[in-house]
> 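Supplied in C-alpha cells, the structure appears directly below.
In what follows, residues are counted from 1 in the order of the sequence shown. Computed from a prediction, not measured in an experiment: that's the story for all the values here.
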Amino acid sequence: QVQLEESGGGSVQAGGSLRLSCASSGSTSSSYCMGWFRQAPGKEREGVAAIDYGGRTSYAYSVKGRFTISKDNAKNTLYLQINSLKAEDTGMYYCASALVTACNWPQIFEHGYWGQGTQVTVSS
C-alpha cells in the first residue's frame with residue numbers, strides 16, 4: 001500500500017502563495033503517476049495538475065502559469081507551488097498516486113491512492 005499525507009494548506013489573502021507537500025510512504029515507486037486535485041463546496045473534484053514517471057507535467061487551464069507541480073523522488077515527496085492565489089482557488093486539495101500507464105486525471109481518480117487532503121482558503 002501507498003500512504004499519502006498532504007500538508008501546507010492554510011488561510012491566505014488573495015495574491016498570496018502557498019506550497020503544498022504530499023509525503024509518500026509504503027510501497028513507493030518512481031513509476032507512479034501523481035496528481036493534485038481540489039474540491040470546492042458544491043463542486044465536483046477536479047484535477048489541477050499531474051506529473052508522470054518521466055517528469056512530464058500537465059495543468060488545468062485555469063491554473064496555468066500560477067501552479068507548478070514537481071516531485072522529489074529521493075524524498076518521496078510531491079509538491080504544488082501555488083502563486084497569485086485567487087478566491088476561486090479555495091477548496092480541499094488532495095494528492096493522489098496511481099500505477100497506470102496512461103497518466104491522466106480520470107485514470108488517477110479511478111485507480112489512485114489518496115491522501116486526506118489539506119484545506120486552502122483564500123480571502124479577498
Side-chain angles (χ1 to χ4, degrees):
Q1 290 291 107
V2 174
Q3 294 82 46
L4 305 173
E5 184 175 4
E6 301 93 337
S7 62
S11 297
V12 185
Q13 287 185 307
S17 298
L18 284 172
R19 190 189 193 196
L20 308 185
S21 297
C22 175
S24 303
S25 62
S27 302
T28 59
S29 172
S30 61
S31 65
Y32 277 101
C33 166
M34 304 191 73
W36 286 96
F37 295 73
R38 68 185 180 188
Q39 188 166 24
K43 293 187 176 181
E44 64 185 18
R45 190 171 299 183
E46 63 174 346
V48 297
I51 185 167
D52 70 8
Y53 48 85
R56 298 177 179 85
T57 60
S58 60
Y59 300 91
Y61 184 81
S62 62
V63 306
K64 276 188 175 180
R66 299 189 299 118
F67 289 23
T68 303
I69 187 172
S70 63
K71 62 179 180 179
D72 187 331
N73 289 330
K75 297 180 179 180
N76 293 321
T77 302
L78 179 74
Y79 303 99
L80 185 68
Q81 178 67 43
I82 308 175
N83 297 325
S84 302
L85 278 160
K86 302 176 180 180
E88 53 262 42
D89 293 322
T90 293
M92 185 71 75
Y93 283 69
Y94 302 88
C95 67
S97 178
L99 275 173
V100 293
T101 56
C103 189
N104 54 57
W105 296 318
Q107 287 294 302
I108 300 172
F109 189 90
E110 179 68 25
H111 303 288
Y113 297 96
W114 294 86
Q116 294 301 305
T118 185
Q119 179 68 37
V120 172
T121 303
V122 184
S123 59
S124 60

> Donor-acceptor pair, distance only, cut-off 3.5 Å: does the side chain of Trp36 make one with the backbone of Tyr79?
yes

> Could you tell me whether the side chain of Val120 reaches within less than 4.5 Å of the side chain of Leu20, counting heavy atoms only?
yes

> Counting only heavy atoms not in Gln81, do more than 12 sit closer than 6.0 Å to its CD atom?
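For Gln81, atom CD is crowded (more than 12 foreign heavy atoms under 6.0 Å).
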
> Any idea which heavy atoms bring Ala60 and Gly47 closest together, and the distance?
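Nearest pair, atom of Ala60 first, then Gly47: CB-O, 3.7 Å.
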
> Nearest 0.5 Å, please: how far is CG in Leu18 from CG in Leu85?
5.5 Å

> Can you tell me how far CG of Leu80 sits from CZ of Arg19, rounded to the nearest 0.5 angstrom?
10.5 Å

> Distance check, rounded to the nearest 0.5 Å: Lys71 atom NZ versus Ser97 atom OG?
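Atom-to-atom, Lys71:NZ and Ser97:OG are 8.5 Å apart.
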
> Give the minimum heavy-atom separation between Phe37 and Ala96, together with the two atoms involved.
CE1-CB, 4.2 Å

> Please check if the side chain of Lys64 supplies one atom and the backbone of Ser58 the other of a donor-acceptor pair under 3.5 Å.
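No, the answer is negative, given that no donor and acceptor are paired below the 3.5 Å cut-off.
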
> Is there a chain of hydrophobic side chains (I, L, V, M, F, W, Y, each step under 4.5 Å between heavy atoms) that links Leu4 to Phe109?
no

> Please give me the minimum heavy-atom distance between Ile108 and Ala50, naming the atom from each residue.
CD1-CB, 4.4 Å

> Is there a path of hydrophobic side-chain contacts, each under 4.5 Å between heavy atoms of I/L/V/M/F/W/Y residues, joining Ile51 to Ile82?
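Both belong to a single hydrophobic cluster.
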
> Using the six-membered ring wherever Trp is involved, compare the ring planes of Tyr113 and Tyr32 and label them parallel, tilted or perpendicular (cut-offs 30° and 60°).
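Answer is perpendicular, since the angle exceeds 60°.
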
> Any chance you could lay out the side-chain contact (heavy atoms from CB on, under 4.5 Å) test for Glu110 and Val100, step after step, and finish with the verdict?
CA-CA 10 Å; Glu110 179 68 25; Val100 293; over 6 Å; no

> For the OG atom of Ser124 and the CD atom of Gln13, what is their distance to the nearest 0.5 Å?
9.0 Å

> Please check this pair: side chain of Glu6 against backbone of Gln116, looking for a donor-acceptor N/O pair closer than 3.5 Å.
yes

> How many angstroms lie between atom CE of Met34 and atom OG of Ser24, to the nearest 0.5 angstrom?
4.0 Å

> Kindly work out whether a path of hydrophobic side-chain contacts (I/L/V/M/F/W/Y, heavy atoms less than 4.5 Å apart) joins Val12 to Phe67.
yes

> Please check if the side chain of Thr77 supplies one atom and the backbone of Ala23 the other of a donor-acceptor pair under 3.5 Å.
no

> Report yes or no: does Tyr59 contribute a side-chain atom to a donor-acceptor pair with the main-chain N or O of Ile69 at less than 3.5 Å?
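Indeed, once roles are kept as given, a pair shorter than 3.5 Å links the two residues.
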
> Could you report the tightest heavy-atom contact between Leu78 and Ser70, atom names first, then the distance?
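Where Leu78 meets Ser70 most closely, the heavy atoms are CD1-O, 3.3 Å.
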
> Ring-plane angle category for Trp114 and Tyr94, please: parallel below 30°, perpendicular beyond 60°, tilted otherwise.
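Trp114 and Tyr94: perpendicular rings.
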
> Where do Arg38 and Thr90 land on the side-chain contact (heavy atoms from CB on, under 4.5 Å) test, with the steps shown first?
CA-CA 9 Å; Arg38 68 185 180 188; Thr90 293; over 6 Å; no

> If you round to the nearest 0.5 Å, how far is OG1 of Thr118 from OH of Tyr93?
10.5 Å

